[in-house]
Amino acid sequence: MRRVFQTFVDHLFESKDLESLRESMAGAATALQLRCFAYLALPRPPSTAPVLISNYPSTWTSFYLQNHYERQDPVIIQALRRPEPFRWGLDIEPTPILTTGSALFEEAARFGIRCGFTIPVHDGYGAIAAVTFAADERRSSFEQSIEKNARVLELIAMYFHAHVRRTTMTTTLIDGSALSPREIECLKWAAEGKSAWDTGQIMGISRYTVAFHLENAKVKLGVRSTIQAVARLAASNCAR
């Protein structure tokens, strides 16, 4: 299990786009004998399009999004209301919320999605997501993997969500180089004369994480020192 998790994390850090993130999760699911997965993020405001990353049949995911099923999916509704992971399926005694979605469950079953284990992800940014591992039937291997790896699957869900946010968050262009909000913030504190330790205290992260963001910013800007990176930032509108 440790090797599977480490490989998953390594692949996440190497991922540059949503497709490579999808491959990372698909690989972890396969290694854990879980047939398929789906990540669905519902950012605020509600009018914003959801982010769906999965290896479900594309015919089902396209149908799901076209019909805005995320607004009525009982699994998503339950994930919005409670933080604890839960099981669902046609052959499981449903909660009151899941009872209302029997028609949608029947529809999903036609695409080979009959049961699953869903992990809600609630974060401090307001975005709410859910990671689901699903199967076409309740096989013993699926049940045993869920039972054995439930806690690790929660970690996998949180790591995946964080890296999706990293990939999809708005970046800032400085002389054609795209810097993340964290990189910009670290550079701004460096411009104020703050050390990595000071910046970490202000931002609530470790000094090693601050150093990581500063190093990334230097590489992206093609400079060797933090002073040079700060100078590039000062010459742009981002410093204001």
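Heavy-atom basis, side chains included; hydrogens, waters and symmetry copies ignored.
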With a 3.5 Å distance limit and no angle check, can you tell me whether [X] reaches the backbone of [Y] through a side-chain donor-acceptor pair?
X: S145; Y: S141; value: no
X: Q228; Y: R224; value: yes
X: D73; Y: Y69; value: no
X: H122; Y: A79; value: yes
X: R182; Y: H213; value: no

Would you say [Y] ends up clustered with [X] if hydrophobic residues are merged whenever their side chains have heavy atoms under 4.5 Å apart, either directly or through other cluster members?
X: L80; Y: L104; answer: yes
X: I227; Y: L187; answer: no
X: V219; Y: L179; answer: no
X: L155; Y: V4; answer: yes
X: L32; Y: V9; answer: yes

Hey, what's the ring geometry for [X] with [Y], parallel, tilted or perpendicular (30° and 60° as the breaks)?
X: F105; Y: W88; value: parallel
X: F37; Y: F160; value: perpendicular
X: F111; Y: W60; value: tilted

Problem - Distance-only side-chain donor-acceptor flag, D17 / S20, under 3.5 Å - result: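 A pair is found: one side chain offers a donor N or O, the other an acceptor, under 3.5 Å apart.
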Exercise for the section: Evaluate the criterion side chain to side chain contact (heavy atoms under 4.5 Å, CB included) for residue pair Y64 and L40; output intermediate values, then yes/no. Expected result: CA-CA 11 Å; Y64 184 100; L40 181 69; 3.9 Å; yes
Is the shortest side-chain heavy-atom distance between [X] and [Y] below 4.5 Å?
X: C186; Y: M203; result: yes
X: E192; Y: T199; result: no
X: R139; Y: Q33; result: no
X: W197; Y: V210; result: no
X: M25; Y: F133; result: yes

Which value, rounded to the nearest 0.5 Å, describes the distance between [X] atom [atom1] and [Y] atom [atom2]?
X: E107; Y: I113; atom1: CD; atom2: CD1; value: 11.0 Å
X: E106; Y: R114; atom1: CD; atom2: CZ; value: 7.0 Å
X: T226; Y: L214; atom1: OG1; atom2: CG; value: 5.0 Å
X: E14; Y: L12; atom1: CD; atom2: CG; value: 9.5 Å
X: L34; Y: I156; atom1: CG; atom2: CD1; value: 8.5 Å
X: S140; Y: E147; atom1: OG; atom2: CD; value: 13.0 Å

Nearest heavy-atom neighbours spanning [X] and [Y]:
X: A229; Y: K218; answer: CB-CG, 4.1 Å
X: I77; Y: R71; answer: CD1-O, 4.3 Å
X: I119; Y: E154; answer: CD1-N, 3.9 Å
X: R22; Y: I53; answer: CB-CG2, 3.6 Å
X: L221; Y: R232; answer: O-NH1, 2.8 Å

Practice task
Please test E143 against R87 for side chain to side chain contact (heavy atoms under 4.5 Å, CB included), starting from the C-alpha separation and ending with a verdict.
Solution key: CA-CA 10 Å; E143 287 296 318; R87 287 178 167 84; 3.5 Å; yes
Problem - Residues E84, R82: salt bridge by 4.0 Å N-O rule - result: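 Judged by the 4.0 Å cut-off on N to carboxylate O distance, E84 and R82 do form a salt bridge.
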Handout entry: Under-4.0 Å salt bridge between E137 and R35
Key =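 Not counted as a salt bridge, because no side-chain N and carboxylate O are separated by less than 4.0 Å.
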Handout entry: More than 12 heavy atoms from other groups under 6.0 Å of CD on E19
Key =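 Yes, the 6.0 Å shell around CD holds more than 12 heavy atoms from other groups.
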Problem - Pair F142 + F117: ring centers closer than 6.0 Å - result: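 No, ring centres 6.0 Å or more apart.
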Problem - Non-neighbouring partners of F8 that pass ring pair (Phe, Tyr, Trp, His ring centres under 6.0 Å), sequence neighbours left out - result: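 Applying ring pair (Phe, Tyr, Trp, His ring centres under 6.0 Å) to F8 gives none.
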Practice task
Give the intermediate values and the outcome of side chain to side chain contact (heavy atoms under 4.5 Å, CB included) for residues L42 and I76.
Solution key: CA-CA 9 Å; L42 299 174; I76 299 303; 3.3 Å; yes
